[in-house]
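Model, not experiment: these values are computed from the prediction. Proteins get letters first, then strands, A, B, ... in listed order; numbering begins at 1 in each.
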Number of protein chains: 2
Amino acid sequence: MPDESFAGVSPDAARRLLLAAVEAFAERGFHATTTRDIAGRAGMSPAALYIHYKTKEELLYQISKVGHERSVTTLTEAAGSTESAPGRLASAVRSFVHWHAAHHTTARVVQYELAALGPEHYTEILGLRHRCEETLRQVLEDGVASGDFRVSDTRGTTTAIMSLCVDVSRWYRPEGRRAPEDIGELYAELALRMVGCGQAHPGGERRS
Amino acid sequence: MPDESFAGVSPDAARRLLLAAVEAFAERGFHATTTRDIAGRAGMSPAALYIHYKTKEELLYQISKVGHERSVTTLTEAAGSTESAPGRLASAVRSFVHWHAAHHTTARVVQYELAALGPEHYTEILGLRHRCEETLRQVLEDGVASGDFRVSDTRGTTTAIMSLCVDVSRWYRPEGRRAPEDIGELYAELALRMVGCGQAHPGGERRS
DNA sequence: GTCTATAGATTGATAGAC
DNA sequence: GTCTATCAATCTATAGAC
């Protein structure tokens, strides 16, 4: 099961092409991937691609859009609960990191092939990303206001936490030691520490 | 002054080509960059490139090698001082982050275009990177042993800190709010917090 | 060492049969 | 909708004059 993010795409051939493109883009990057390679992975002739997508860039755009929407939803749902700020931060980072590990192929394309998008598509996707960062920053602001967090530079700290989460998709390998759940848990703990809300003794209970 | 990392490269034309390649690769990526573009930026004809470099990949290899060596040196020197573990960690992160911001074009190529290297060059550069990570991990181990740090998963936390530092080269822009020094300082503070050694009250003195 | 010119291969995308 | 065949453009790298 490579990725269920594109399960809703139809017809079948269009979805197969999209999944093949995700795989190829994640492996070699957009510019190093040929349309022949994508079509081949989907078990079709080079020309078949252009029945379902107008250009190679449109494939990247669809991947970026759907992928970004998924990851933004994951983050905002976790960050928007009614919990305390520490709970929301931990939950947001845990979910966001889990997504970037579990869907590391899609995530890699979404995060690192952005520059290959056409100007208008690029701007659109950048907007989604901006909303994502703002959501996280709001959690930090709330935590500072409630006295749970001690952060001198919320904007810079938000960027740092985002870097941490996003970069998981770059180095994560399914054969590796850690499962997506474990990484999410570790990173949630690290994020809490970064905002001055971590416990001193790892492994025990938080906030006695 | 784009980058002094390649000041020692001679003859002059070879260095100009290398700097042009760094610029182009950082801007568009290796595969989206043409040899014509590189030669053009260096003020030469397309063919002139091949007098100094056998292939386009060799240009990337030279950049990756010199760049990686510089960043590794920066990190290991800072991490290898005789200070306490917290001092060494702060110093290492501060220097490493500063380098990735100040040399963000070179750093971006070094960190994100690795996959375009030939297999043997790729393996060689990966070795440098591995040494880099081991150096940082040793600081964390030392800090845990001395009781300064409280870390349950040193390997995972090392990866996280490396992600943080490296990712700076991806989002850093010279026109941005923060200078490389400021980012280095903030990230050193964040790294100390991640290992359970941060102060609760930002802006004050550390370790009273 | 640098140029102009170009070979040789590959690419994104299209035409037209089925 | 999918195929085979192919166009036109572009790319890396080389040949040979100066």
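The distance between atom CG of Leu49(B) and atom C1' of dT2(C), rounded to the nearest whole Å, is 13 Å. Going from atom CZ of Phe30(A) over to atom P of dG12(C) covers 8 Å, rounded to whole Å. Atom CE of Met44(B) is separated from atom C1' of dT4(C) by 15 Å (rounded to the nearest Å). Between the CD1 atom of Ile51(A) and the P atom of dT4(D) there is a distance of 12 Å, rounded to whole Å. Atom pair Leu59(A):CG and dG12(C):C1' shows a separation of 12 Å (rounding to whole Å applied). Per the geometry, OH belonging to Tyr50(A) stands 6 Å off P belonging to dG12(C), to the nearest Å. Protein atom CD of Glu57(A) is 13 Å distant from nucleotide atom C1' of dG12(C), rounded to whole Å. Rounded to an integer number of Å, the gap from CG of Leu17(B) to C1' of dC3(C) is 14 Å.
When heavy atoms are screened at a 4.0 angstrom cut-off, Ser45(B) is found touching base atoms of the nucleic acid.
One finds no salt bridge joining Arg178(A) and Glu185(A) here, because no Lys/Arg side-chain nitrogen approaches an Asp/Glu carboxylate oxygen to under 4.0 Å. The residues Arg170(B) and Asp167(A) are annotated as not salt-bridged, no charged nitrogen and carboxylate oxygen being separated by less than 4.0 angstrom.
Taking only side-chain atoms of Thr55(B), from C-beta outward, the nucleotide of dG1(C), dG1(D), dA13(D) with the closest atom is dA13(D). Listed candidates were dG1(D), dG1(C), dG12(C). Nearest to the side chain of Pro11(B) is dG1(C).
Test Arg41(A), Arg28(A), Arg16(A) against Glu23(A) for salt bridge (Lys or Arg N to Asp or Glu O under 4.0 Å) and you get one pass: Arg41(A). Considering Tyr112(B), Trp99(B), Tyr172(B), Trp171(B) as possible partners of His104(B), the one that fulfils the ring pair (Phe, Tyr, Trp, His ring centres under 6.0 Å) test is Tyr172(B).
Within the 4.0 Å cut-off from OP1 or OP2 of dT11(C), not a single side-chain nitrogen or oxygen of His31(A) is found.
Mapping Thr34(A) and Ala47(A) onto DNA chain C via the closest heavy atom, the residue that lands nearer the 5' end is Thr34(A).
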